Amino acid sequence: MAAITANLYAQHDRAALLENRQATREARWVKVTILGAALTFFAIFLLLPLAVVFVEALAKGWHTYLDALVEPDALSAVTLTLLAALISVPLNLVFGVAAAWAITRFDFRGKQLLITLIDLPFSVSPVVAGLIYVLVFSSHGWIGPWLLEHDIKVIFAVPGIVLATVFVTVPFVARELIPLLQAQGREEEEAAVVLGARGWQVFWHVTLPNVRWALLYGVILSNARAMGEFGAVSVVSGHIRGETNTLPLHVEILYNEYQFAAAFAVASLLALLALVTLAVKSWIEWRAAQAHD
Amino acid sequence: MSIQVQNIHKAFGDFIALDNLTLDFPSGELVALLGPSGCGKTTLLRVIAGLEQADSGRVLLDGDDASDTHVRERQVGFVFQHYALFRHMTVFDNVAFGLRMKPRGIRPSEAEIKRKVHELLQLVQLDWLADRFPAQLSGGQRQRIALARALAVEPRVLLLDEPFGALDAKVRKELRRWLRRLHDELHITSIFVTHDQEEALEVADRVVLMNHGRVEQIGSPAEVYQQPATPFVYGFLGAANRFEGQSSAGGIAIGKATLTTGQHVQHGEVIAFVRPHELDIVRQEFGHGIPARVSRVLTLGALTRVELEGRDDVAGQHFDVELPASHPLAGSLITGEPVRLQPRSVRVFANPETAGAA
Ligand SMILES: Nc1ncnc2c1ncn2[C@@H]1O[C@H](COP(=O)(O)OP(=O)(O)OP(=O)(O)O)[C@@H](O)[C@H]1O
Ligand SMILES: [Mg+2]
């Protein structure tokens with residue numbers, strides 16, 4: 001909360017303060033110009049494309065739209081996307097909390113390295129990430145032959161997709177929690193220990209409640225990324241229809257086959273997901289602000 | 001429970017926070033730990049509580065080495081400098097926390113917890129705040145809740161880190177009297193940190209003066225105030241005028257002037273302290289005493305404070321003198337008037353900075 005919303009709210013308060021004082025109020029034309037420029041930018045680059053998705057999806061009527069969604073390949077893509085998110089998000093939740101906790105509460109060797117590693121998926125192109133997995137797990141890769149012997153398929157199969165998804169979503173939860181845990185310091189936890197709480201009691205009763213909104217926020221972002229990831233998944237998937245296609249990959253295939261209405265119909269699912277994510281995100285911020293007051 | 005600290009040494013990198021410290025805190029006493037900011041008071045409390053690991057030395061609780069005892073088994077109550085209340089819990093839940101965290105076998109029932117929490121809240125006189133969150137409390141209220149929370153687990157010792165640090169003067173005074181009464185009721189061995197000398201002298205059974213990670217003096221408030229063992233203690237406890245000079249026949253020679261001490265003074269370089277109310281102003285430019293010039297006269301209630309600047313050999317130094325407002329001088333001194341200062345009582349120490357060289 002402190003990290004995101006305290007900040008947001010402080011900004012809000014300050015804005016209100018500046019606005020309400022005659023001495024600090026800006027001239028009207030300045031406000032209009034700045035606001036107009038920002039809104040125009042958002043309209044052209046964000047709202048317009050979003051609207052286009054839905055308009056194109058429904059261009060051939062509701063019937064075609066629904067058909068594109070219930071078609072078996074589309075359904076399989078939905079299932080696979082959900083599965084990838086269902087596995088990678090909880091994994092990241094656990095890892096993110098553990099990493100953030102370790103980084104902010106203990107001194108250990110390689111701490112700086114861990115912080116850098118967490119950020120790696122942000123700085124490395126997802127395609128490269130996918131290629132790394134191919135290099136390691138494919139039949140010519142490092143442990144590919146061993147996997148082959150044991151009849152385990154990673155690349156061009158579901159495990160590879162899950163791995164790639166986990167990789168690209170690693171930073172979200174940890175990145176949300178680290179600044180917050182740092183800002184809160186150790187005192188409350190120390191107070192809990194002095195009062196007789198055991199390690200997990202401290203974590204469950206003191207640490208976690210204080211970061212719950214930031215945690216949820218991280219999960220939501222990580223989920224959105226997991227479902228929307230294209231690059232890394234594309235490399236490891238092999239694009240087998242009905243088997244290893246996630247939603248974004250399915251959209252691409254449809255588009256390449258000139259099935260525009262169907263492509264946009266499936267894309268509209270992803271767009272809806274984005275809208276839901278934004279709504280939940282706003283709700284979390286609102287709740288966190290309330291908890292903050 | 002008694003606390004003994006033996007040869008505790010603690011460094012943060014190159015900085016020595018506790019320098020081979022040895023201290024005894026007898027059972028049932030309220031001891032004030034007094035010293036300037038950064039002298040290691042918080043660090044010492046944290047070492048006693050087990051929140052900080054000393055580099056060497058031992059802490060004995062009730063005569064037993066506590067080195068291998070985990071913080072949560074030491075049964076200390078700790079009140080943090082910044083309260084550290086659980087911000088997402090109500091006042092009630094904060095105070096109940098320690099009881100609820102007990103292992104199932106010895107955890108009291110919810111009804112029992114409720115009774116006990118209300119009893120504690122009554123003790124700190126804040127029963128009516130049970131449903132509030134910490135953010136909705138004033139500083140003094142938070143402080144008392146933090147104390148109630150610490151008391152809930154029936155600690156054997158109570159460690160209070162600047163309990164009244166963040167409060168205004170009036171609330172501080174109220175709370176410290178209240179703390180004293182509370183201690184008289186409960187008789188828990190307590191150490192409380194402060195850098196306010198008045199607070200330490202008023203509340204504590206004993207005062208420990210610390211400086212640079214070392215103990216400068218231990219004693220009752222009267223002892224440390226009336227017989228300061230070191231220049232640091234004298235300077236730290238109460239206002240004092242400081243004179244540096246050479247011991248001579250009539251007292252202490254400061255250039256051509258002499259500070260008459262009326263007592264035998266050790267040889268060599270010395271530091272002398274005179275309390276503002278023990279320094280007399282003589283209205284003459286030449287003669288005995290330290291040459292000075294009146295720079296300001298302030299009357300505050302029953303006291304008149306005269307601020308003076310040194311002249312000649314003590315030029316650049318400042319002196320303070322306190323007179324009863326009814327004193328004839330109080331109304332008649334003129335700003336800029338040259339005077340001489342003569343002490344009625346002087347406390348002399350060998351000058352530690354030059355003692356080694358002499
Ligand atoms: N974790 C730490 N790392 C490095 N230095 C520290 C640490 N904790 C304390 N110190 C240093 O040790 C010294 C003693 O600190 P401590 O907090 O005990 O002072 P204090 O007497 O409580 O001061 P105050 O009255 O300002 O609270 C300080 O100079 C501080 O900078
Ligand atoms: Mg301190």
Side-chain angles (χ1 to χ4, degrees), chain A residues 1-7 9-10 13 97 101 104-109 111 176-177 179-217 284-293, chain B residues 12-13 42 45-46 48-53 69-90 93-104 106-108 133-136 142 145-161:
Chain A
M1 290 158 284
I4 341 153
T5 38
N7 232 324
Y9 268 68
D13 287 350
V97 170
W101 168 269
T104 52
R105 293 297 182 259
F106 305 110
D107 277 319
F108 53 93
R109 271 208 233 174
K111 185 160 152 176
E176 275 308 315
L177 293 186
L180 188 56
L181 284 172
Q182 249 157 9
Q184 283 178 346
R186 304 204 51 171
E187 269 206 343
E188 282 184 46
E189 289 165 8
E190 285 179 343
V193 175
V194 176
L195 288 167
R198 311 194 156 263
W200 66 267
Q201 286 178 314
V202 175
F203 179 75
W204 189 252
H205 293 289
V206 177
T207 314
L208 206 54
N210 273 335
V211 299
R212 62 188 187 275
W213 295 114
L215 189 64
L216 200 54
Y217 191 88
I284 291 174
E285 276 166 3
W286 177 75
R287 280 305 309 262
Q290 295 226 312
H292 182 74
D293 294 342
Chain B
F12 295 106
T42 298
L45 281 204
R46 290 174 61 85
I48 293 174
L51 289 171
E52 203 87 60
Q53 177 86 43
T69 316
H70 192 276
V71 181
R72 68 175 156 265
E73 270 115 41
R74 291 195 184 189
Q75 290 181 280
V76 298
F78 202 113
V79 176
F80 288 80
Q81 197 162 356
H82 307 290
Y83 321 125
L85 292 176
F86 305 126
R87 67 194 95 178
H88 63 284
M89 292 182 205
T90 61
D93 291 336
N94 262 281
V95 179
F97 186 86
L99 298 171
R100 288 184 175 149
M101 290 305 115
K102 284 186 188 292
R104 188 152 301 186
I106 54 170
R107 189 190 311 159
F133 284 91
Q136 300 165 323
R142 280 180 218 177
I145 297 302
L147 190 56
R149 180 179 71 174
L151 290 172
V153 289
E154 295 177 5
R156 298 190 296 166
V157 289
L158 202 51
L159 308 174
L160 306 135
D161 196 354

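Labels below follow one simple rule: chain letters A, B, ... track the order of the sequence lines, proteins then strands, and each chain is numbered from 1. These numbers come from a predicted model, not from an experiment.
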**Q** Could you tell me which non-hydrogen atom of M101(B) sits nearest to which non-hydrogen atom of A197(A), and how far apart they are?
**A** CG-CB, 3.9 Å
**Q** Does any backbone or side-chain atom of L85(B) lie under 4.5 Å from a heavy atom of chain A? Answer side chain, backbone, both or neither.
**A** backbone
**Q** With a 4.5 angstrom heavy-atom cut-off, could you sort out which part of V76(B) is near chain A: side chain, backbone, both or neither?
**A** both
**Q** Got F78(B) and E190(A) here, is their nearest side-chain heavy-atom distance under 4.5 Å?
**A**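 In short, these two side chains do not touch, never coming nearer than 4.5 Å.
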**Q** So what's closer than 4.5 Å to chain B heavy atoms on R198(A): side chain, backbone, both or neither?
**A**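 Both backbone and side chain.
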**Q** Do you know the tightest heavy-atom contact between A84(B) and A191(A)?
**A** O-CB, 3.9 Å
**Q** Is V193(A) close to H70(B) at the side-chain level, that is, under 4.5 Å between some pair of heavy atoms?
**A** yes
**Q** Where the side chain of H88(B) meets the backbone of V211(A), is there a donor-acceptor pair that is under 3.5 Å apart?
**A**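 Not confirmed, H88(B) side chain does not pair with V211(A) backbone.
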**Q** Between F86(B) and E188(A), what is the shortest heavy-atom contact and its length?
**A**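 Answer, listing the atom of F86(B) first, then E188(A): CE2-O, 3.2 Å.
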**Q** With respect to chain A, which residue among R100(B), R149(B), M89(B) yields the maximal number of heavy-atom pairs within a distance under 4.5 Å?
**A** R149(B)
**Q** Using 0.5 Å steps for rounding, measure from the CD atom of E187(A) to the CG atom of L51(B).
**A**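 Answer rounded to 0.5 Å: 9.5 Å.
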**Q** Please look at E73(B) and chain A and tell me whether the side chain, the backbone, both or neither of the residue comes under 4.5 angstrom of a heavy atom of that chain.
**A** side chain
